[in-house]
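Working notes, structure below.
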Amino acid sequence: MLKISTWNINSVRLRMPIIAEFINSRSPDVLCLQETKCRDAEFPHKDFHALGYRHIVINGQKGYHGVAIISKKPIELLDKRDFCEKGDARHISAQLNIKNTAITIHNFYVPAGGDEPDVTLNPKFAHKLEFLDEMSHWVRKNKITQSPSILVGDLNIAPLENDVWSHKALLKVVSHTPIEVEKLNAFFKAGEWIDALRHFIPEPEKLYTWWSYRAADWAAADRGRRLDHILVSDYFANRLKKLEILKEARGWERPSDHVPVTIELSI
DNA sequence: ATGGTTGCTTGGCAA
């Protein structure tokens with residue numbers, strides 16, 4: 001079995017106590033983090049080593065973005081791809097070998113896209129759409145899904161109607177606009193990815209991984225969105241065994257606004 | 001319709 005988790009941590013240094021809490025209770029083989037928000041030299045390697053994770057690859061930058069793959073078993077760094085050539089730390093990939101099977105793990109932090117869903121008024125929204133187009137091109141050109149591949153991360157889009165608390169209320173809110181959903185679906189199609197979360201919990205059940213910091217009472221309002229995703233290539237179609245979306249982590253001490261998502265795969 | 005919070009860093013952005 002392979003147990004892999006993804007979590008937008010919103011500052012890895014600040015969140016180390018709850019990362020330890022998560023690791024001690026769930027103990028994934030591989031933990032993928034987004035929004036680490038520190039330079040590579042500032043990454044808390046020692047804390048992860050002490051928790052039993054000695055194999056770490058990181059793509060960090062000062063203050064913004066940043067992704068990491070943290071593993072109990074040896075992993076090999078494959079790539080840190082600069083989508084849209086902006087120098088942002090939004091992707092890292094690594095290879096994990098289990099029982100003579102080479103598994104590629106891609107960890108993404110897709111641009112949030114700002115507040116205004118208009119490419120002419122908002123360059124951040126244009127960047128987000130361009131980033132998604134480039135992802136589709138990349139997955140097709142490099143035949144990413146023709147070998148055993150797992151893609152995780154904060155894709156900053158909730159594609160399905162029940163991936164948000166109100167489809168109608170969010171149609172003009174960045175993360176759920178039709179153009180973003182169309183681009184993300186094009187990416188899904190380009191790789192023939194399997195949506196692992198919806199494999200376990202199909203529509204029309206509501207499914208969220210993020211709750212805003214701005215709600216007075218996030219749990220009572222429960223106005224969430226499914227922004228975090230795990231996609232697997234065809235190799236894993238009959239190997240998906242278990243899913244956990246750890247909603248309670250949103251209520252932990254000094255939480256991230258995202259919660260950890262974990263799947264188990266048989267290899 | 002608007003404002004609400006958090007993190008990085010100390011003045012505003014970005015989310």
Side-chain angles (χ1 to χ4, degrees), chain A residues 6-22 32-44 47 58-68 82-84 86-91 107-119 121-132 152-159 163-166 168-177 179-181 183-184 208-229 247-261:
Chain A
T6 179
W7 197 2
N8 178 320
I9 204 62
N10 189 15
S11 173
V12 67
R13 291 173 295 175
L14 199 60
R15 236 52 93 179
M16 216 52 231
I18 61 167
I19 293 173
E21 187 172 349
F22 174 70
C32 296
L33 300 175
Q34 304 86 36
E35 283 207 87
T36 51
K37 291 191 171 177
C38 64
R39 296 183 188 97
D40 288 355
E42 298 159 339
F43 194 88
D47 294 321
I58 54 179
N59 182 12
Q61 72 182 80
K62 180 187 161 97
Y64 300 99
H65 324 314
V67 285
D82 184 11
F83 288 83
C84 300
K86 291 176 83 80
D88 287 352
R90 296 183 179 276
H91 167 265
N107 182 11
F108 273 88
Y109 176 54
V110 171
D115 287 333
E116 185 61 54
D118 184 325
V119 294
L121 299 175
N122 175 12
K124 290 203 282 281
F125 192 67
H127 175 216
K128 184 177 195 175
L129 299 186
E130 187 192 329
F131 194 102
L132 291 159
V152 308
D154 177 5
L155 305 185
N156 264 314
I157 297 171
D163 291 342
V164 293
W165 62 276
S166 167
K168 199 176 166 190
L170 274 82
L171 275 169
K172 291 180 180 174
V173 174
V174 173
S175 72
H176 192 63
T177 65
I179 182 70
E180 292 168 83
V181 170
K183 299 276 188 199
L184 186 63
Y208 314 138
T209 65
W210 172 93
W211 291 261
S212 173
Y213 281 128
R214 298 179 194 181
D217 184 336
W218 72 273
D222 199 25
R223 293 183 167 187
R225 302 178 201 169
R226 184 170 74 111
L227 303 180
D228 303 277
H229 298 266
K247 184 175 179 180
E248 68 177 61
R250 183 62 181 79
W252 287 353
E253 187 84 21
R254 292 206 80 176
S256 169
D257 44 359
H258 297 251
V259 300
V261 179

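Proteins get letters first, then strands, A, B, ... in listed order; numbering begins at 1 in each.
- The side chain of A:Arg214 lies closest to B:dG4, out of B:dA14, B:dG4, B:dC8.
- Rounded to a whole Å, the CZ atom of A:Arg250 is 9 Å from the C1' atom of B:dT5.
- Distance, A:Glu116 CD to B:dA15 P: 15 Å, rounded to whole Å.
- Using a 4.0 Å heavy-atom criterion, one finds that A:Arg223 contacts no nucleic acid atom at all.
- Between B:dC8 and A:Lys62, no contact under 4.0 Å exists linking OP1 or OP2 to a side-chain N or O.
- Dashed line: the shortest gap from a side-chain N or O of A:Ser11 to OP1 or OP2 of B:dC8 is under 4.0 Å.
- Here B:dA15 presents its P atom at 18 Å from CD1 of A:Ile9, a figure rounded to the nearest Å.
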Original post:
Given the rule in the side-chain hydrogen bond (donor to acceptor under 3.5 Å, both in side chains) test, do A:Glu35 and A:Asn10 qualify, once you have shown the distances and angles that lead to the verdict?
Top reply: CA-CA 5 Å; A:Glu35 283 207 87; A:Asn10 189 15; 5.8 Å; no

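- Rounded to whole Å, the distance from NZ on A:Lys37 to P on B:dT6 is 13 Å.
- If you take CG of A:Asp257 and P of B:dC8, they are 12 Å apart, rounded to a whole angstrom.
- Each salt bridge (charged side-chain N to carboxylate O under 4.0 Å, His left out) pair with one or both residues in residues 121-132 of chain A, not counting sequence neighbours, appears once here: A:Lys128-A:Glu180.
- To the nearest angstrom, C1' of B:dA15 lies 13 Å from CG of A:Asp228.
- Atom CE in A:Met16 sits roughly 16 Å away from atom P in B:dG7 (whole-Å rounding).
- Residues satisfying the ring pair (Phe, Tyr, Trp, His ring centres under 6.0 Å) test with A:Phe43, not counting sequence neighbours, are A:His45, A:Phe48.
- In terms of position on DNA chain B, the residue among A:Asn10 and A:Pro111 whose nearest nucleotide sits closer to the 5' end is A:Asn10.
- Distances shown here put a side-chain N or O of A:Arg254 below 4.0 Å from the OP1 or OP2 atom of B:dG7.
- For A:Asp217 and B:dT5, the CG to C1' distance is 14 Å, given to the nearest whole Å.
- Between B:dT10 and B:dT6, the distance separating the two C1' atoms is 15 Å to the nearest Å.
- B:dA15 and B:dT2: their P atoms are spaced 23 Å apart (whole Å).
- For the pairing with A:Phe131, the ring-ring contact (aromatic ring centres under 6.0 Å, His included) check across A:Phe83, A:Phe125, A:Tyr109 returns one residue only, A:Phe83.
- Of the two residues contacting DNA chain B, namely A:His65 and A:Tyr213, the nearest-nucleotide position lying further toward the 5' end is that of A:Tyr213.
- A:Asn107 contributes a side-chain N or O that, together with a main-chain N or O of A:Ala68, makes up a donor-acceptor pair within less than 3.5 Å.
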